[in-house]
Participant: 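Take a look at this one; I'll ask things after.
The first residue in the sequence is number 1, and the count goes up from there.
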Amino acid sequence: MPGYPGERARRRQQEAPRRGRDLALDTDPGWAIRLVGAAFRRVAADSVADLPGGARGYLVLVALASGEPPSRLALAKEVSLDRTVMTYLLDDLEAHELITRRPDPRDRRARQVLLTDAGRARLKRVRRSLAAAEARLLTDLGGEDAEQLRTLLARVAQTARREA
């Protein structure tokens with residue numbers, strides 16, 4: 001009987017280990033995000049090491065590959081980089097012939113940033129390398145779980161971006 005004192009005591013005993021488990025470090029989302037983020041940076045570092053700007057350069061190439069050529073300012077906002085840092089990064093990427101800049105036909109004062117064929121090829125190689133690194137990190141997840149994790153992380157990232 002649910003209201004019976006003995007039944008309540010039994011339920012409290014059953015719930016005690018679970019409550020303690022809810023407070024365990026390995027179930028804390030902040031701890032998990034920090035640990036996974038650090039692990040991903042470690043495994044991904046080799047994949048982006050030869051790109052100008054490393055991980056930042058990679059993000060710029062990905063952003064450029066995914067749509068209409070943005071201005072430097074729009075690109076800086078999209079990848080969450082300071083516009084001054086973006087200028088230096090674009091200079092490096094352009095020196096390596098991975099991107100090019102041209103006047104925006106809609107606004108001659110602005111310059112569009114475009115991915116070159118060499119940049120697209122380099123991005124493809126880096127993505128393959130990152131996929132292998134990511135697979136090592138997600139080795140304990142099945143394909144469906146790994147895809148679900150990617151989807152959920154993307155949603156959380158969008159929320160974080162809105163709140164920034």
Side-chain angles (χ1 to χ4, degrees), residues 18-102 110-164:
R18 192 184 77 207
R19 276 195 310 267
R21 188 76 192 130
D22 289 345
L23 299 175
L25 186 60
D26 64 350
T27 63
D28 183 79
W31 173 84
I33 290 169
R34 183 173 177 268
L35 192 66
V36 170
F40 185 77
R41 281 188 296 280
R42 276 193 313 275
V43 300
D46 289 341
S47 300
V48 298
D50 68 335
L51 277 177
R56 290 175 173 174
Y58 170 74
L59 291 176
V60 167
L61 296 181
V62 169
L64 292 175
S66 62
E68 179 73 22
S71 69
R72 176 183 58 93
L73 294 175
L75 184 59
K77 185 177 179 182
E78 186 174 353
V79 297
S80 300
L81 284 178
D82 177 82
R83 65 180 191 231
T84 305
V85 172
M86 179 60 73
T87 299
Y88 291 116
L89 180 55
L90 293 178
D91 288 346
D92 287 346
L93 291 167
E94 192 168 36
H96 285 85
E97 300 179 348
L98 302 175
I99 64 140
T100 187
R101 292 178 267 198
R102 71 173 185 210
R111 296 181 58 78
Q112 290 181 321
V113 183
L114 298 111
L115 190 60
T116 64
D117 289 340
R120 201 171 300 282
R122 186 83 160 275
L123 177 59
K124 189 175 180 179
R125 287 193 306 273
V126 170
R127 281 195 154 178
R128 276 196 306 267
S129 181
L130 278 171
E134 182 183 292
R136 287 193 309 274
L137 188 59
L138 301 179
T139 194
D140 289 339
L141 300 180
E144 190 174 308
D145 285 344
E147 189 56 38
Q148 183 178 16
L149 177 62
R150 285 182 198 92
T151 300
L152 294 172
L153 284 173
R155 288 172 48 196
V156 171
Q158 290 302 320
T159 301
R161 187 177 190 184
R162 281 192 307 272
E163 298 215 357

Participant: Do V156 and I33 have side-chain heavy atoms sitting under 4.5 Å apart?
Facilitator: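 A side-chain contact is absent here, since even the closest heavy-atom pair is not under 4.5 Å.
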
Participant: Might you confirm whether atom CZ of R136 has over 12 heavy atoms from other residues, nucleotides or ligands at distances under 6.0 Å?
Facilitator: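 Buried by this count: over 12 neighbours within 6.0 Å.
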
Participant: Given the rule in the side chain to side chain contact (heavy atoms under 4.5 Å, CB included) test, do L141 and Q148 qualify, once you have shown the distances and angles that lead to the verdict?
Facilitator: CA-CA 10 Å; L141 300 180; Q148 183 178 16; over 6 Å; no

Participant: Could you tell me which non-hydrogen atom of T100 sits nearest to which non-hydrogen atom of E94, and how far apart they are?
Facilitator: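 Scanning both residues completely, I find the closest heavy atoms to be CA-OE2, 3.7 Å.
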
Participant: Which heavy-atom pair separates A65 from L123 by the least distance, and what is that distance?
Facilitator: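 For A65 versus L123, the nearest heavy atoms are CB-CD2, 3.6 Å.
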
Participant: Nearest 0.5 Å please: distance from the CD atom of E147 over to the CG atom of L152.
Facilitator: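 It is 10.0 Å, given to the nearest 0.5 Å.
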
Participant: I'd like to know whether D91 forms a side chain to side chain contact (heavy atoms under 4.5 Å, CB included) with R101, so could you lay out the CA-CA distance, the side-chain angles of the two residues, the decisive distance to 0.1 Å, and finally the verdict.
Facilitator: CA-CA 10 Å; D91 288 346; R101 292 178 267 198; 2.6 Å; yes

Participant: Give me the atom names and distance for the closest heavy-atom approach of V126 to L51.
Facilitator: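 For V126 versus L51, the nearest heavy atoms are CG2-CD1, 3.9 Å.
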
Participant: Quick one: pull up CG in D145 and CZ in R150 and give me the separation to the nearest 0.5 Å.
Facilitator: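 One finds 10.5 Å between CG of D145 and CZ of R150.
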
Participant: For V79 and A63, work out which heavy atoms get closest and say how close.
Facilitator: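 Of all heavy-atom pairs spanning V79 and A63, the closest is CG1-CB, 3.9 Å.
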
Participant: Do L89 and R72 make a side-chain contact, defined as non-hydrogen atoms from C-beta onward lying under 4.5 Å apart?
Facilitator: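 In short, these two side chains do not touch, never coming nearer than 4.5 Å.
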
Participant: How close do P52 and L98 get, heavy atom to heavy atom, and via which atoms?
Facilitator: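 Scanning both residues, the minimum pair turns out to be CD-CD1, 3.8 Å.
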
Participant: Can you name the residues that form a side-chain hydrogen bond (donor to acceptor under 3.5 Å, both in side chains) with T139, not counting sequence neighbours?
Facilitator: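 side-chain hydrogen bond (donor to acceptor under 3.5 Å, both in side chains) check on T139 returns nothing, list empty.
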
Participant: If you count heavy atoms of other groups shown closer than 6.0 angstrom to CG of D117, is the number above 12?
Facilitator: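 At most 12 heavy atoms, drawn from other residues, nucleotides or ligands, come within 6.0 Å of this atom.
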
Participant: Going from OG on S80 to CE on M86, what distance comes out if it is rounded to the nearest 0.5 angstrom?
Facilitator: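 Separation between the atoms: 9.0 Å.
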
Participant: Look up atom CD in E78 and atom OG in S71, then write down how far apart they are to the nearest 0.5 Å.
Facilitator: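 Reported value, rounded in 0.5 Å steps: 10.0 Å.
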
Participant: About how many Å separate CG of L130 and CZ of F40, when rounded to the nearest 0.5 Å?
Facilitator: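 Result: 5.5 Å between the selected atoms.
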
Participant: Between L75 and L90, is a side chain to side chain contact (heavy atoms under 4.5 Å, CB included) present by the stated rule, with each step listed?
Facilitator: CA-CA 10 Å; L75 184 59; L90 293 178; 4.0 Å; yes

Participant: Indicate yes or no for a side-chain donor-acceptor contact from S129 to the backbone of R125 under 3.5 Å, with no hydrogens or angles considered.
Facilitator: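 Checking the backbone N and O of R125 against the side chain of S129, no donor-acceptor pair under 3.5 Å is found.
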
Participant: Tell me whether the count of non-hydrogen atoms from other residues, nucleotides or ligands lying under 6.0 Å of CZ in R56 goes above 12.
Facilitator: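 Atom CZ in R56 is not crowded, with 12 or fewer foreign heavy atoms closer than 6.0 Å.
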
Participant: Would you compute the distance between atom CG of L61 and atom OG1 of T116 and round it to the nearest 0.5 angstrom?
Facilitator: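 L61 CG to T116 OG1: 8.5 Å, rounded to 0.5 Å.
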
Participant: Give me the atom names and distance for the closest heavy-atom approach of A76 to R83.
Facilitator: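 Reported closest heavy-atom pair: CB-CA, 4.1 Å.
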
